[in-house]
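I have placed the structure first, in the form of structure tokens, so that the comments after it can refer back to it.
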2 protein chains.
Amino acid sequence: MANDTRQRLLEASAQLFREQGYAGTGLKQITTAGGAPWGSLYHFFPGGKEQLGAEAIAHSGARYERLFELTFARGGEDIVQCVRDFFQLSVDALEKSGWADGCPIATVAMEVASTSEPLRHACAEVFASWEAAFARGLAGAGIPPERAAELATYALAAFEGAIVLSRTTHDTRALRITAEVVATTLRAELPAA
Amino acid sequence: MANDTRQRLLEASAQLFREQGYAGTGLKQITTAGGAPWGSLYHFFPGGKEQLGAEAIAHSGARYERLFELTFARGGEDIVQCVRDFFQLSVDALEKSGWADGCPIATVAMEVASTSEPLRHACAEVFASWEAAFARGLAGAGIPPERAAELATYALAAFEGAIVLSRTTHDTRALRITAEVVATTLRAELPAA
DNA sequence: GTCTATATAGAGATAGAC
DNA sequence: GTCTATCTCTATATAGAC
């Protein structure tokens, strides 16, 4: 079916961009990985690589937002444990994938921040949605909304940076250590039980 | 002079890689920016783009390590303020450069983590040197060496992630908030004065 | 509407003039 | 030894056959 090919192209793009970046991934490689003929790419994405990139970013972003919300769904009880769990998800993903499966956005975000305004904007929107999901979880644990928004930004930054370090060093140490320090920091901000 | 051209090629590479990434930067663009003729690139870097990339990474890395050490040189007194200062350096650099001047390593590190083992290794060594410099500063402030190493990893992760967010959103908010939370976290680890 | 074949530009790399 | 001119390969993008 037509929609199926489109979806496969998006999935393949998201995965390849995450591993190799935007500039480092060719459209040929994407069509091959997605099992789609060359021509169908421009049929579904007449805007070419940039349109495909923007949609792939939004696609990955929405999927991870659901993962965020799922992890924090039971967060009213123990939000700190949820944060630990989230870092652990990334530890497992990196190890299982041979250090390929990091953040689906960060690599592209850094590449395009100064080279493509539409793509930069797409990345910014994804980060904002993740922060918002995170902040809802923290607010649900009793932290005042304004402070929850700040701590969500902080926690997301620490998480993203730890992925950069772990993926580069081929060692989950950075993620594990950062998870513990962030968890401790957040616990100190919770209202007294 | 010969060494001059080589140096200019390294500087141009470092700057372009930081802004556009490794795959997104062409060798032609580097020679143009460095004011060097095309042929001299392969004269000075017979290993081609990968050799140039590895040397540019080490070059940037060493320069920033000196910046780390300079910022922490007076850190025995007030290490927390030094951390704040370091985040502020990045805030200023991003604003002054129109969001181009972020981390000189992170963009390339993410791109090459799964595509070039030599380049990944070069990035990992840079991160390790920064962590070590950071840890020396924290240990100098009285934190036990083992804990100082952990906190250095944590602080570097938070710093790197905050740059990713700020550069993507065109807003220094992430850097400013992260700086404050990290500063508070580190202060709590200092030995009682 | 779907895909094959091709156009055009630019990449990284090399050969050889001076 | 330094640089110019060129080679080959692959990139994105398009045209047109079916």
Side-chain angles (χ1 to χ4, degrees), chain A residues 1-57 59 107-108 111-112 114-120 122, chain B residues 1-57 59 107-108 111-112 114-120 122:
Chain A
M1 196 195 290
N3 255 352
D4 224 48
T5 300
R6 200 190 140 89
Q7 199 68 10
R8 282 205 312 279
L9 284 172
L10 277 178
E11 300 274 358
S13 303
Q15 180 172 347
L16 289 166
F17 288 161
R18 178 176 62 191
E19 291 177 24
Q20 312 177 335
Y22 178 76
T25 301
L27 297 182
K28 289 247 168 68
Q29 197 180 4
I30 290 172
T31 53
T32 301
W38 171 243
S40 65
L41 195 148
Y42 279 89
H43 173 68
F44 290 114
F45 304 94
K49 195 181 190 182
E50 202 166 49
Q51 183 192 350
L52 176 59
E55 292 201 29
I57 289 163
H59 181 74
T107 309
V108 178
E111 282 184 279
V112 303
S114 302
T115 57
S116 163
E117 201 55 21
L119 291 180
R120 181 192 69 78
Chain B
M1 196 195 292
N3 255 350
D4 224 50
T5 300
R6 200 190 140 89
Q7 199 68 10
R8 283 205 311 279
L9 283 172
L10 277 179
E11 301 273 359
S13 303
Q15 179 172 347
L16 289 167
F17 288 161
R18 179 176 59 191
E19 292 176 25
Q20 313 177 335
Y22 178 76
T25 301
L27 297 182
K28 292 249 167 70
Q29 196 180 2
I30 290 172
T31 53
T32 301
W38 171 245
S40 65
L41 195 147
Y42 279 89
H43 173 67
F44 290 115
F45 304 94
K49 194 179 191 183
E50 202 166 50
Q51 184 192 350
L52 176 59
E55 292 202 29
I57 288 163
H59 181 74
T107 309
V108 178
E111 281 183 279
V112 304
S114 302
T115 58
S116 164
E117 201 56 20
L119 291 180
R120 181 192 70 77

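Letters go in sequence order (proteins before strands), and every chain restarts at 1.
Closest approach to the B:Pro37 side chain among C:dT4, D:dC3, C:dG12 is made by D:dC3 (side chain taken as heavy atoms from C-beta onward). Each of C:dG12, D:dC3, D:dT12 was ranked by its minimum atom distance to the side chain of B:Lys49; first place goes to C:dG12.
Heavy atoms of B:Thr25 sit under 4.0 angstrom from primed sugar atoms or phosphate atoms, though from no base atom.
Rounded to an integer number of Å, the gap from A:Gln29 CD to D:dT12 C1' is 14 Å. Distance B:Asp4 CG to D:dG1 P: 19 Å, rounded to the nearest Å. Separating the OH atom of A:Tyr22 from the C1' atom of D:dA11 is a distance of 12 Å, rounded to the nearest angstrom. Taking atom CG of residue B:Leu52 and atom C1' of nucleotide C:dA13, one finds them 14 Å apart after rounding to whole Å. For the pair A:Leu27 CG and C:dC3 C1', the computed distance is 16 Å after rounding to whole Å. Taking atom OH of A:Tyr42 as the reference point, atom P of C:dA7 lies 17 Å away to the nearest angstrom. Between the NZ atom of A:Lys28 and the P atom of C:dT6 there is a distance of 13 Å, given to the nearest Å. A straight line from CZ of B:Phe45 to P of C:dG12 spans 14 Å, rounded to a whole angstrom.
A:Phe44 places a side-chain heavy atom less than 4.5 Å from the side chain of A:Thr5.
In this structure, B:His43 reaches the D:dT2 phosphate: one of its side-chain N or O atoms is under 4.0 Å from OP1 or OP2.
Rounded to the nearest 0.5 Å, atoms CD (A:Glu50) and CD (A:Glu117) are 10.0 Å apart. Between atom CD1 of residue B:Ile30 and atom NZ of residue B:Lys49 there is a gap of 6.5 Å, rounded to the nearest 0.5 Å.
For residues 24-42 of chain B, the set of pairs meeting the side-chain hydrogen bond (donor to acceptor under 3.5 Å, both in side chains) definition, not counting sequence neighbours, comprises B:Gln20-B:Thr25, B:Gln20-B:Gln29.
With hydrogens and angles ignored, no donor-acceptor pair closer than 3.5 Å exists between the side chain of B:Trp38 and the base of D:dT2.
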